[in-house]
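First the structure, in the form of structure tokens, and then the observations on it.
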Amino acid sequence: MLDKIKNEIVKAFLFDGDFIYAEPFGCGHINATYAVYFRRETKPPVRYILQAVNTTIFTDPQGLMENIQGVTSHLRKKIQEQGGDPERETLTLVPTRDGKLLYEDSDGGFWRSYLFIENAACHQSVDRPVLFTNAAKAFGHFQKLLADYPADTLHETIADFHNTVNRYELFEKAVAEDKAGRAASVEKEIRFFLDRKADGAVVVDAIVVVDAIKEGRLPLRVTHNDTKLNNIMMDNDTDEGICVIDLDTVMPGSVLYDFGDSIRFGASTADEDEQNLSLVSMDLGLFEAYTAGFLSEAGASLTDEEIRLLPFSAKLLTLECGMRFLTDYLNGDTYFRIHREHHNLDRCRTQITLVADMERKMEEMKKIVAKYVNRT
């Protein structure tokens with residue numbers, strides 16, 4: 001692939017300088033990512049990010065890039081108005097030589113490029129609470145700047161990504177079909193999810209976001225849909241979150257999706273596939289750190305109903321994720337990449353444990369949210 005990049009791909013983009021070399025970069029699992037280096041006569045060498053878009057996951061690469069161009073153009077304008085540095089605070093697309101966003105190579109693959117954001121890095125884990133707070137501020141700022149973006153103009157890059165009703169339907173179908181012959185061995189886990197659908201109060205909760213958006217009770221917003229810590233570029237000197245990256249899943253949705261998934265992933269005391277469930281819980285300190293940072297930026301742009309549902313959103317997104325893991329396990333591990341036997345079941349059980357812990361701590365979570373709501 002490096003020879004292909006050197007001999008074909010880099011020649012298609014408006015890069016500044018003479019190509020030196022390319023190397024694999026980052027730890028993403030979806031798109032193939034490279035750093036490409038160029039020598040310049042009167043300036044220091046420069047590098048760019050070059051990515052091959054995974055069209056198995058993202059079947060409409062043109063629509064995906066239209067989303068990214070629209071959102072980053074909107075962010076760039078807002079950042080400039082506030083006196084910021086748009087080349088550092090949002091992704092900057094590098095066009096092809098014929099002015100396009102994507103280059104289609106000789107094998108039918110699609111490539112794109114961004115300016116490289118220097119003196120910044122992505123962190124893979126919350127080893128210091130300040131990182132989680134700063135990530136929250138960055139995602140909150142992202143929401144604030146995009147609050148007036150027409151979300152209904154965005155393409156849905158992955159259909160029904162956070163449609164919990166649809167996720168339940170797929171789960172029940174997987175249970176009924178039992179393609180891998182595993183249902184009998186996971187009756188307890190199956191019952192956990194079915195109980196939360198059957199309970200009258202939780203039925204409303206499990207579908208509230210989908211229905212409320214349709215009914216206009218919750219605003220349709222630009223959502224990132226993959227709000228993990230490692231999707232924030234953080235300044236190497238200050239630890240401040242400076243740029244939200246990985247915009248492939250930017251779609252119309254609810255802010256609750258982004259807040260809830262951040263808590264699911266970042267406030268857990270253990271890895272997503274931890275086998276020792278006694279180590280798994282939701283850290284209220286980390287929940288508070290994220291809530292404080294997020295509301296300090298996005299709070300004024302959110303509705304009262306969105307704020308009321310923030311604690312619940314953490315449970316909803318964790319429940320949905322666990323159900324997806326169990327659905328894939330029942331189907332024979334066809335979607336999520338696994339690295340050991342029963343890997344998806346392990347992932348499912350960590351999410352179940354987190355949901356149960358969130359249910360125990362829900363009243364405390366609500367008090368924390370109320371503490372940081374400022375309507376003055």
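All values below were derived from every heavy atom in this structure, side-chain atoms included, with hydrogens, water molecules and symmetry-related copies excluded.
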is_close_aromatic([X], [Y]), centroid dist under 6.0 Å:
X	Y	value
F259	Y290	yes
Y103	F110	no
F25	F116	yes

For the residue pair [X] and [Y], establish whether any side-chain heavy-atom pair is separated by less than 4.5 Å.
X	Y	result
D18	F38	no
K188	R191	no
K100	P95	no
L131	M234	yes
V94	Y114	no

Within the 3.5 Å criterion, strictly below it, is a donor on [X] or [Y] matched to an acceptor on the partner's side chain?
X	Y	result
Q275	R349	no
E320	Y168	no
D160	N163	yes
E240	N134	no
T90	T72	no
N119	D237	yes
T33	Q51	yes

Considering all heavy atoms of both residues, which atom of [X] and which atom of [Y] are nearest to each other, and what is their separation?
X	Y	answer
A174	T327	CB-CG2, 3.9 Å
I232	I245	N-CG1, 4.3 Å
V280	A270	CG2-CB, 3.8 Å
P86	T92	O-OG1, 3.9 Å
A120	I242	CB-CD1, 3.7 Å
Y149	L154	CE2-CD2, 3.8 Å

Give a yes or no on whether [X] atom [atom1] has more than 12 heavy-atom contacts from other residues, nucleotides or ligands under 6.0 Å away.
X	atom1	value
E118	CD	yes
K6	NZ	no
R40	CZ	yes

May I ask whether [X] and [Y] are part of the same hydrophobic cluster, defined by side-chain heavy atoms of I, L, V, M, F, W, Y residues being less than 4.5 angstrom apart, directly or through others?
X	Y	result
I20	Y48	no
F19	Y37	no
F265	F287	no
L279	L286	no
I158	L170	no

With side-chain contact (heavy atoms from CB on, under 4.5 Å) as the criterion, how do T157 and D60 come out once you've worked through the C-alpha distance, each side chain's angles and the decisive distance to 0.1 Å? CA-CA 7 Å; T157 57; D60 178 15; over 6 Å; no
Is a side-chain N or O of [X] found less than 3.5 angstrom from the main chain of [Y], in a donor-acceptor match?
X	Y	value
D271	E274	no
S73	G70	no
T291	V369	no
S113	I49	yes
R217	I213	no
T55	T59	no
N67	V71	no
D235	D239	no
N225	V250	no
D283	S268	no

With a cut-off of under 6.0 Å to the ring centre and 45° to the axis, is R182 in cation-pi contact with Y329? yes
R167 to F171, cation-pi by 6.0 Å centre distance and 45° axis angle: no
Scan the side chains in residues 136-145 for donor-acceptor partners under 3.5 Å anywhere in the protein, sequence neighbours excluded, and list what turns up.
unit_1, atom_1, unit_2, atom_2, d
H141, ND1, E297, OE1, 3.0
Q143, NE2, V222, O, 2.8
K144, NZ, E297, OE1, 3.0

Evaluate the criterion side-chain hydrogen bond (donor to acceptor under 3.5 Å, both in side chains) for residue pair Q351 and R264; output intermediate values, then yes/no. CA-CA 8 Å; Q351 303 309 292; R264 178 195 74 80; 3.2 Å; yes
Holding to side chain to side chain contact (heavy atoms under 4.5 Å, CB included), I want the full list of residues that pass it with [X], two or more places apart in sequence or in another chain.
X	result
T334	D328, N331
K371	E288
D226	H224, K228, N231, D246, T249
I338	D333, H343, N344, R347

Salt-bridge test for [X] and [Y]: reply yes if a basic N is under 4.0 Å from a carboxylate O, no otherwise.
X	Y	value
E89	R76	no
D346	R340	yes
R112	D248	yes

Decide salt bridge (charged side-chain N to carboxylate O under 4.0 Å, His left out) for R47 and E23; before the verdict, give the C-alpha distance in whole Å, the side-chain angles of both, and the deciding distance to 0.1 Å. CA-CA 11 Å; R47 58 179 169 170; E23 62 181 355; 5.3 Å; no
To the closest 0.5 Å, what do you measure between [atom1] ([X]) and [atom2] ([Y])?
X	Y	atom1	atom2	result
K366	R308	NZ	CZ	7.5 Å
M365	E363	CE	CD	10.5 Å
S254	L317	OG	CG	9.0 Å
L93	L14	CG	CG	12.5 Å
L102	Q62	CG	CD	5.0 Å
K367	E364	NZ	CD	7.0 Å

Apart from Y335 itself, what residues make up its hydrophobic cluster, given side-chain heavy atom links below 4.5 Å?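 For the cluster that includes Y335, the remaining residues are F325, F336.
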